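Structure record follows, encoded as structure tokens.
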Amino acid sequence: MSSEAAVMDVPHVGASTGVTNAKLGIWLFLASEVMLFSTLFTTYIVLRLGSSSWPRGWNVLNVPLGTVNTLVLITSSVTVVMAYAKAIERKRGQFRLFMSLTIALGVLFLILKGFEWGQHFHNGEFPSTSIFLAAYFTMTGLHALHVIGGLITNSILLWLSETQWDHPLFIGRVEAAGLYWHFVDIVWIFLFPALYLL
Amino acid sequence: MTTQTSHAAGGHAAPNVKLYMIIFGALAFLTLLTVLVSYIHLPPGPAVAAALGIAVVKSSLVVLFFMHLINERPIIYGLLALVAFFVLFLYLLPMTDTIATSGRRPAQAVTTAVEATR
């Protein structure tokens with residue numbers, strides 16, 4: 001039997017698409033998310049090009065902290081894909097370890113981001129202070145909301161791994177959650193240089 | 001260990017742990033590189049090109065290998081091509097307007113836009 005035919009034999013893989021419903025659904029959702037963040041990036045570019053002056057990120061934001069946060073999120077991308085690998089290999093203990101690490105790194109990202117925001121507020125810098133800060137708080141705030149959404153999803157999967165480890169759809173759910181988490185990482189990959197370095 | 005060129009059972013992407021570690025190293029290196037490049041204080045054009053170029057490479061690595069797009073089904077490629085088409089318009093239309101009205105005061109640009117609709 002060819003691998004193509006083997007895939008089609010699995011009940012929850014669409015016969016016409018060749019992918020699971022979960023995977024197709026999450027990619028469709030990510031497509032809408034791409035449009036959402038693209039709108040924000042377009043707005044950022046138009047505002048920046050239309051402004052007579054624009055601060056350099058180095059002078060306004062905490063670049064070392066932003067760099068650490070970037071490395072934290074990249075590491076969490078590795079741990080979530082490792083959790084997926086362990087789910088495929090049916091190693092529940094290691095899946096739980098890597099998913100827990102992913103959640104911990106996501107929480108660390110939010111703590112560092114919260115510390116950074118706290119510094120701005122302490123210095124009297126708010127979204128109303130300037131167009132740059134309005135863009136910064138809007139874009140990083142929306143991204144942080146997405147991180148929180150990912151943390152909730154990953155936590156639910158960690159909890160479900162106790163009771164639904166052998167559920168036929170469990171791996172698909174882990175894969176979909178992983179795809180979402182990687183998307184959150186990609187958004188930050190563009191946010192970091194746009195806001196902090198340029 | 002399975003390879004990146006096949007699907008695991010159930011239509012799921014087959015994991016490749018060794019490749020994940022290599023990509024992780026590349027992403028960490030590129031993150032430090034983009035920060036170091038920003039220290040050089042390049043002119044705006046090259047600075048944007050360098051930062052955006054590195055970000056595109058980093059995101060491509062994540063999409064291709066962590067999200068397994070390198071070995072995905074045609075329907076996913078088709079979906080992403082459609083997204084890319086609309087994203088292109090989303091960026092180009094405001095850019096065209098911004099470039100067309102650059103050098104004018106906002107009031108002049110608005111007046112021109114209103115007159116154009118008459």
Side-chain angles (χ1 to χ4, degrees), chain A residues 3 6-8 10 12-14 16-20 23-24 27-28 30-31 34-35 38-39 41-43 45-46 49-50 57-58 63-64 66-67 70-71 74-75 77-78 80-82 84-89 168 171-172 174-175 178-179 182-183 185-186 189-190 192-194 196-198, chain B residues 1-2 6-17 20-21 23-24 27-28 30-32 34-35 37-39 41 44 47-48 50-52 54-56 58-59 62-63 65-68 72-76 79-80 82-84 86-87 90-91 93-95 97-99 101-102 106 109:
Chain A
S3 60
V7 167
M8 296 304 173
V10 180
H12 56 275
V13 174
S16 58
T17 61
V19 298
T20 61
K23 186 187 280 188
L24 184 59
W27 274 112
L28 281 167
L30 293 183
V34 168
M35 299 306 287
S38 293
T39 307
F41 273 105
T42 307
T43 307
I45 293 167
V46 169
L49 290 176
W58 277 97
V63 174
T67 307
T70 305
L71 293 171
I74 285 171
T75 309
S77 249
V78 179
V80 80
V81 82
M82 286 300 295
Y84 166 72
K86 297 308 167 188
I88 290 278
E89 294 170 5
I171 293 175
V174 172
E175 187 176 24
L179 287 171
H182 295 309
F183 172 78
D185 183 24
I186 288 170
I189 283 174
F190 283 97
F192 175 60
Y196 287 75
L197 304 179
L198 293 175
Chain B
M1 186 184 296
T2 52
S6 64
H7 278 69
H12 306 299
N16 187 335
V17 174
Y20 296 155
M21 293 303 125
I23 300 301
F24 175 49
L27 290 172
L30 289 170
T31 298
L32 297 177
T34 194
V35 176
V37 167
S38 72
Y39 266 111
H41 292 282
V48 170
L52 195 63
I54 293 172
V56 166
K58 284 170 69 180
S59 59
V62 173
V63 169
F65 300 107
F66 286 172
M67 299 173 85
H68 306 107
E72 200 44 89
R73 301 285 167 183
I75 190 169
I76 304 295
L79 172 68
L80 293 179
L82 196 65
V83 173
F86 284 109
V87 164
L90 202 58
Y91 279 100
L93 287 178
M95 291 304 104
D97 184 56
T98 301
I99 292 166
T101 57
S102 64

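Worth saying up front: this structure is predicted, and the values here are computed from it rather than measured. Letters go in sequence order (proteins before strands), and every chain restarts at 1.
The two residues A:F183 and B:M67 have their closest heavy-atom pair at N-CE, 4.4 Å. Here the closest heavy-atom approach between residue A:M35 and residue B:L90 is recorded as O-CD2, 3.7 Å. Scanning both residues, B:Y20 and A:A85, for their nearest heavy atoms gives CE1-CB, 4.4 Å. Considering every non-hydrogen atom in both B:V83 and A:A31, the closest pair reads CG2-CB, 3.3 Å. Among all heavy-atom pairs drawn from B:P94 and A:V46, the shortest one is CB-CG2, 3.8 Å. Summarising the geometry of A:Y84 relative to B:A14, their closest heavy-atom pair is OH-N, 4.5 Å, with the distance given to 0.1 Å.
Considering only heavy atoms from C-beta on, A:M82 comes within 4.5 Å of B:V17 through its side chain. Looking at heavy atoms from C-beta onward, A:L24 lies in side-chain contact with B:I76 at the 4.5 angstrom threshold. Between A:V80 and B:F66 there is no side-chain heavy-atom pair separated by less than 4.5 Å. Side-chain atoms of A:F192 and B:V35, non-hydrogen and from C-beta on, do get closer than 4.5 Å to each other. Side-chain contact check for B:I75 versus A:W27: every heavy-atom pair is 4.5 Å or farther apart. Looking at B:H68 and A:L179, their side chains never come closer than 4.5 Å, going by heavy atoms from C-beta outward. In this structure, B:M95 and A:L49 have side chains that are in contact, with non-hydrogen atoms separated by less than 4.5 Å.
Proximity to chain B is absent for every atom of A:Y196, based on heavy atoms less than 4.5 angstrom apart. Interface remark: A:L198 contributes side-chain atoms only to the contact with chain B (heavy atom separation under 4.5 Å). In this structure, chain B has a heavy atom under 4.5 Å from the side chain of A:L30, while its backbone stays farther away. Interface remark: A:T75 contributes backbone and side-chain atoms alike to the contact with chain B (heavy atom separation under 4.5 Å).
Taking chain B as the reference chain and counting heavy-atom pairs below 4.5 Å, the highest number among A:G172, A:G178, A:G50, A:G66 is found for A:G172. Put simply, of A:S38, A:P193, A:G57, the one with the most heavy-atom pairs under 4.5 Å next to chain B is A:S38. Each of A:T70, A:I171, A:T43 has some count of heavy-atom pairs under 4.5 Å with chain B, and the biggest count is that of A:I171. Between chain B and the options A:T39, A:T42, A:V34, heavy-atom pairs under 4.5 Å are most frequent for A:T42.
Taken from CG in B:L27 to CG in A:D185, the straight-line distance is 7.5 Å, to the nearest 0.5 Å. Considering OG1 of B:T34 and CG of A:L197, their distance stands at 5.5 Å, rounded to 0.5 Å. Note that CZ of B:F24 is 7.5 Å distant from CG of A:L71, once rounded to the nearest 0.5 Å.
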